[in-house]
*Asks:* 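Mind looking over this structure? Questions follow.
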Amino acid sequence: MNFHQYYPVDVVNGPGTRCTLFVSGCVHQCRGCYNQSTWRLDSGEPFTQEAEDRIIADLNDTRIRRRGLSLSGGDPLHPANIEAVLRLVKRVREECPGKDIWLWSGYRLEELDAAQREVVNLVDTLIDGKFEQEKADPSLEWRGSANQIIHHFSVC
């Protein structure tokens with residue numbers, strides 16, 4: 001998996017102070033997407049063990065308390081990203097007690113395959129659905145268009 005950007009301190013992509021990872025790769029390529037640079041799987045830089053370890057360390061850093069991890073992109077549920085994203089969310093669950101995980105995906109909950117569901121079963125909040133420019137609404141919280149749904153699960 002590649003990633004485009006990692007923000008160790010972020011207050012925009014989910015509630016509270018968070019760590020946010022923008023992964024590479026998106027098959028949806030929504031018209032009007034604000035993050036088109038993340039569409040190609042080979043864009044960005046490789047998501048290494050060191051990058052994963054840094055996220056875990058940042059989440060556990062007591063100097064700047066983070067509420068959790070946000071995963072966006074691109075699409076964290078792109079089939080090429082599943083293995084690395086699953087490993088990361090499992091580590092967050094095991095090594096970062098009390099941290100929540102938010103994930104944005106263009107796939108809808110009802111169309112996820114078994115591997116994608118394995119990831120989603122470990123997140124607290126999924127914002128699903130493609131961005132639809134004709135339904136864009138800047139007043140919406142945590143989503144760009146009215147068709148996108150926020151699913152809150154009880155995981156954390």
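Just so it is clear, the structure is predicted and the values come from calculations on it, not from any experiment.
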*Asks:* Are the charged groups of Arg93 and Asp124 less than 4.0 angstrom apart, N to O?
*Replies:* yes
*Asks:* Quick check: closest heavy atoms across Asp75 and Gly106, and the distance to 0.1 Å?
*Replies:*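 Between these two residues, the closest heavy atoms are OD2-N, 2.9 Å.
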*Asks:* Are Leu71 and Ile127 joined in one hydrophobic group, where the rule is that I, L, V, M, F, W and Y side chains link up if heavy atoms are under 4.5 Å apart?
*Replies:*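 No, no single cluster joins them.
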*Asks:* Any salt bridge (charged side-chain N to carboxylate O under 4.0 Å, His left out) pairs touching residues 8-20, not counting sequence neighbours?
*Replies:* Arg18-Asp100
*Asks:* Does Arg117 offer a backbone N or O that forms a donor-acceptor pair with the side chain of Asn121 under 3.5 Å?
*Replies:*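 Answer holds: yes.
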*Asks:* Going through the distances and angles, do Val23 and Asn2 end up as a side-chain contact (heavy atoms from CB on, under 4.5 Å)?
*Replies:* CA-CA 6 Å; Val23 303; Asn2 280 6; over 6 Å; no
*Asks:* Side chain of Asn60, backbone of Glu95: donor and acceptor closer than 3.5 Å?
*Replies:*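 It does hold such a pair.
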*Asks:* Considering only Ile, Leu, Val, Met, Phe, Trp and Tyr, and joining two whenever side-chain heavy atoms are under 4.5 Å apart, list the other residues clustered with Val9.
*Replies:*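 Joined to Val9, directly or through intermediates: Ile64.
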*Asks:* Taking the inter-plane angle between the rings of Trp104 and Trp102 on a 0 to 90° scale, is it parallel (under 30°), tilted (30 to 60°) or perpendicular (over 60°)?
*Replies:*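 The rings of Trp104 and Trp102 sit tilted, inter-plane angle from 30° to 60°.
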*Asks:* Could you give me the CA-CA distance, side-chain angles and deciding distance for Arg143 and Asp137, then say whether salt bridge (Lys or Arg N to Asp or Glu O under 4.0 Å) is met?
*Replies:* CA-CA 8 Å; Arg143 56 201 174 118; Asp137 182 348; over 6 Å; no
*Asks:* Going from CD on Glu45 to NE2 on His4, what distance comes out if it is rounded to the nearest 0.5 angstrom?
*Replies:* 9.5 Å
*Asks:* About how many Å separate CZ of Arg66 and CG of Asp58, when rounded to the nearest 0.5 Å?
*Replies:*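 CZ of Arg66 is found 4.5 Å from CG of Asp58.
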*Asks:* Is Val12 close to Tyr7 at the side-chain level, that is, under 4.5 Å between some pair of heavy atoms?
*Replies:*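 No - every pair of side-chain heavy atoms lies 4.5 Å or more apart.
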